[in-house]
Enquirer: 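Take a look at this one; I'll ask things after.
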Amino acid sequence: MEKALVLTSGGVDSTTCLAIAVEKYGKENVVALSVMYGQKHTKEINAAKAVTEYYGVEHISIDLAPLFAYSDCSLLSTSDKEIPKESYAEQLEKTGGSPVSTYVPFRNGLFLSSAASIALSKDCSVIYYGAHHDDAAGNAYPDCSEEFNNAMNAAINLGSGNMLRVEAPFVGITKKDIVRIGKELHVPYELTWSCYEGGEKPCGKCATCIDRKAAFLANGIDLD
């Protein structure tokens, strides 16, 4: 039986990935990895802990915040930028097709590289992560695209001596489709956190809140 390492942020996409891995490999063969990257709040990390406890999988956390200390990305505690309260489409109109202000520079590349080292050390042969079509659309998050995933998979497979591969099961589908899959797997979405803000409740206005609500409603789920 193979072992899988799942990058787990505590959000909808990564939690659904975790559910898929547990369903396929069994919880005893799944390791969850959460990454602190200097974000402005700990809500998503707390959600990741709750989700991994729910599934009963090993949970590892690492801190890569120093790598992003020079970035002015609006998600980071080192930035004084306001997090936009509008959809990704509206933001892309203003950026002219460049990544949005919540793009953390090469985050998925760094996450996957770190995950590869840990996965090999934990005898895992596959890494799962939740990149999906909506995030890559319009170049909002270029490190969520199918092209990026294929390149990282090739590099990690080569660099591991063909011992490790990367799977992004949602890279060609939308968040609505992800929630449909998760609903079938009875994913505990009530434990997840997507909002870019760290308040008591989701702000409902940032792009990820907008996408989350739309995906839930499209699947008949009334949940913030």
Enquirer: Counting distance only, does the side-chain N/O of Ser145 pair as donor-acceptor with the main-chain N or O of Pro142 below 3.5 Å?
Expert: yes
Enquirer: To the closest 0.5 Å, what do you measure between OG1 (Thr16) and NE2 (His132)?
Expert: 10.0 Å
Enquirer: Measuring from Gln39:CD to Cys73:SG, what's the distance to the nearest 0.5 Å?
Expert: 10.5 Å
Enquirer: Is it the case that the ring center of Phe148 lies less than 6.0 angstrom away from the ring center of Phe106?
Expert: yes
Enquirer: Nearest heavy-atom pair of Ala48 and Ser34: which atoms, and what distance?
Expert: CB-OG, 3.4 Å
Enquirer: Do Tyr54 and Leu191 touch side chain to side chain, with heavy atoms closer than 4.5 Å?
Expert: yes
Enquirer: Shortest non-hydrogen contact from Gly109 to Met152?
Expert: O-CE, 3.7 Å
Enquirer: As a quick check of understanding, evaluate ring pair (Phe, Tyr, Trp, His ring centres under 6.0 Å) for Phe216 and Tyr189, giving each step before the final call.
Expert: CA-CA 10 Å; Phe216 282 168; Tyr189 287 129; 5.4 Å; yes
Enquirer: Side chains of Trp193 and Asn46: does their closest heavy-atom pair fall under 4.5 Å?
Expert: no
Enquirer: Does the pair Lys94/Glu86 count as a salt bridge with the N-to-O cut at 4.0 Å?
Expert: yes
Enquirer: Taking atom CD as the centre, does Glu82 end up with more than 12 heavy-atom neighbours from other residues, nucleotides or ligands that are less than 6.0 angstrom away?
Expert: no
Enquirer: Kindly compute the distance separating CG (Leu33) from CD1 (Ile118), expressed to the nearest 0.5 Å.
Expert: 4.5 Å
Enquirer: Looking only at heavy atoms, what is the nearest atom pair of Cys17 and Pro169, with distance?
Expert: SG-CG, 3.8 Å
Enquirer: Can you tell if the side chain of Ser74 reaches within under 4.5 Å of the side chain of Tyr196, non-hydrogen atoms only?
Expert: no
Enquirer: Hey, what do you get for CG (Leu185) to CD (Glu23), rounding to the nearest 0.5 Å?
Expert: 5.5 Å
Enquirer: Donor-acceptor pair, Asn139 side chain versus Gly97 backbone, under 3.5 Å?
Expert: yes
Enquirer: Given the rule that I, L, V, M, F, W and Y join up when any side-chain heavy atoms are under 4.5 Å apart, are Met163 and Met1 in one cluster?
Expert: no
Enquirer: Pair Ile156, Arg165 - check side chain to side chain contact (heavy atoms under 4.5 Å, CB included), show working.
Expert: CA-CA 7 Å; Ile156 286 173; Arg165 68 187 187 277; over 6 Å; no
Enquirer: Might you point out which heavy atoms bring Ala19 and Val187 nearest each other, and give the distance in Å?
Expert: CB-CG2, 3.6 Å
Enquirer: Would you kindly confirm whether Val31 and Leu64 end up in one hydrophobic cluster when ILVMFWY residues are joined by side chain heavy atoms under 4.5 Å apart?
Expert: yes
Enquirer: Do the non-hydrogen side-chain atoms of Asp72 and Lys81 ever get within less than 4.5 Å of each other?
Expert: yes
Enquirer: Side chain to side chain contact (heavy atoms under 4.5 Å, CB included), that's the test. Do Cys206 and Cys195 meet it? Break it down for me.
Expert: CA-CA 7 Å; Cys206 67; Cys195 182; 4.0 Å; yes
Enquirer: For Tyr88 and Ile210: C-alpha separation, side-chain torsions, deciding distance, then whether side chain to side chain contact (heavy atoms under 4.5 Å, CB included) applies.
Expert: CA-CA 9 Å; Tyr88 291 124; Ile210 293 170; over 6 Å; no
Enquirer: Measure from the side-chain N and O atoms of Lys183 to the backbone N and O of Asn219, and report whether any donor-acceptor pair falls under 3.5 Å.
Expert: yes
Enquirer: Under 6.0 Å from the NE2 atom of His41, do we count more than 12 heavy atoms belonging to anything else shown?
Expert: yes
Enquirer: Using atom types as modelled and distance alone, determine if a side-chain donor or acceptor of Asn162 lies under 3.5 Å from a backbone N or O of Leu158.
Expert: no
Enquirer: Are Glu44 and Lys49 ion-paired here, with the side-chain N under 4.0 Å from a carboxylate O?
Expert: no
Enquirer: Report the C-alpha distance between Thr208 and Asp211 in whole Å, list the side-chain angles of each, state the deciding distance to 0.1 Å, and finish with yes or no for side-chain hydrogen bond (donor to acceptor under 3.5 Å, both in side chains).
Expert: CA-CA 5 Å; Thr208 188; Asp211 282 3; over 6 Å; no
Enquirer: Tell me whether the guanidinium CZ or amine NZ of Arg107 lies under 6.0 angstrom from the six-membered ring centre of Phe68 and within 45° of its axis.
Expert: no
Enquirer: With hydrophobic residues grouped by side-chain heavy-atom distances under 4.5 Å, do Tyr128 and Leu7 end up in a single group?
Expert: no
Enquirer: Do the charged groups of Lys122 and Glu58 touch, with an N to O distance under 4.0 Å?
Expert: yes
Enquirer: I'd like to know if the side chain of Asn149 reaches the main chain of Glu167, judged simply by a donor and an acceptor atom lying under 3.5 Å from each other, with no hydrogens or angles considered.
Expert: no
Enquirer: Is it the case that atom CG in Asp63 sees more than 12 heavy atoms from other parts of the structure closer than 6.0 Å?
Expert: yes
Enquirer: I want to check something: taking the side chain as every heavy atom from C-beta on, are Lys40 and Leu76 in contact at a cut-off of under 4.5 Å?
Expert: no
Enquirer: Do Val57 and Ile20 share a hydrophobic cluster (ILVMFWY, side-chain heavy atoms under 4.5 Å, transitive)?
Expert: yes
Enquirer: Would you give the length of the straight line joining atom CG of Leu112 to atom CG of Asn153, rounded to the nearest 0.5 angstrom?
Expert: 9.5 Å
Enquirer: Could Glu90 and Lys85 be called an ion pair, given the rule that one side-chain N must be under 4.0 Å from one carboxylate O?
Expert: no
Enquirer: Could you tell me whether the side chain of Asn157 reaches within less than 4.5 Å of the side chain of Leu164, counting heavy atoms only?
Expert: no
Enquirer: Go through it in stages, so that I can follow the logic: the residues are Thr8 and His59, the test is side-chain hydrogen bond (donor to acceptor under 3.5 Å, both in side chains), and I'd like the CA-CA distance, side-chain angles, deciding distance and then a yes or no.
Expert: CA-CA 9 Å; Thr8 307; His59 185 210; over 6 Å; no
Enquirer: Can you name the one residue among Asp134, Asp135, Asp13 that meets salt bridge (charged side-chain N to carboxylate O under 4.0 Å, His left out) with Lys175?
Expert: Asp13
Enquirer: Determine the interplanar angle of the Tyr37 and Phe111 rings, folded into 0 to 90°, and report it as parallel if under 30°, tilted if 30 to 60°, perpendicular if over 60°.
Expert: tilted
Enquirer: Side chain of Ser194, backbone of Arg212: donor and acceptor closer than 3.5 Å?
Expert: no
Enquirer: Between Ile62 and Ser114, does a side chain to side chain contact (heavy atoms under 4.5 Å, CB included) hold up when you go through it step by step?
Expert: CA-CA 9 Å; Ile62 59 173; Ser114 301; 3.9 Å; yes
Enquirer: Using side-chain heavy atoms (C-beta onward) and a distance below 4.5 Å, is Val104 in contact with Ser71?
Expert: no
Enquirer: Linking I/L/V/M/F/W/Y whenever any side-chain heavy atoms sit under 4.5 Å apart, do Leu120 and Leu5 land together?
Expert: yes
Enquirer: What distance separates Asn29 CG from Asp123 CG, expressed to the nearest 0.5 Å?
Expert: 11.0 Å
Enquirer: For residues Ser117 and Ser121, report the shortest heavy-atom separation together with the two atoms involved.
Expert: O-OG, 3.0 Å
Enquirer: For Ala32 and Thr52, work out which heavy atoms get closest and say how close.
Expert: CB-CG2, 3.5 Å
Enquirer: Taking the side chain as every heavy atom from C-beta outward, state whether Lys27 and Val22 have any pair of such atoms under 4.5 Å apart.
Expert: yes
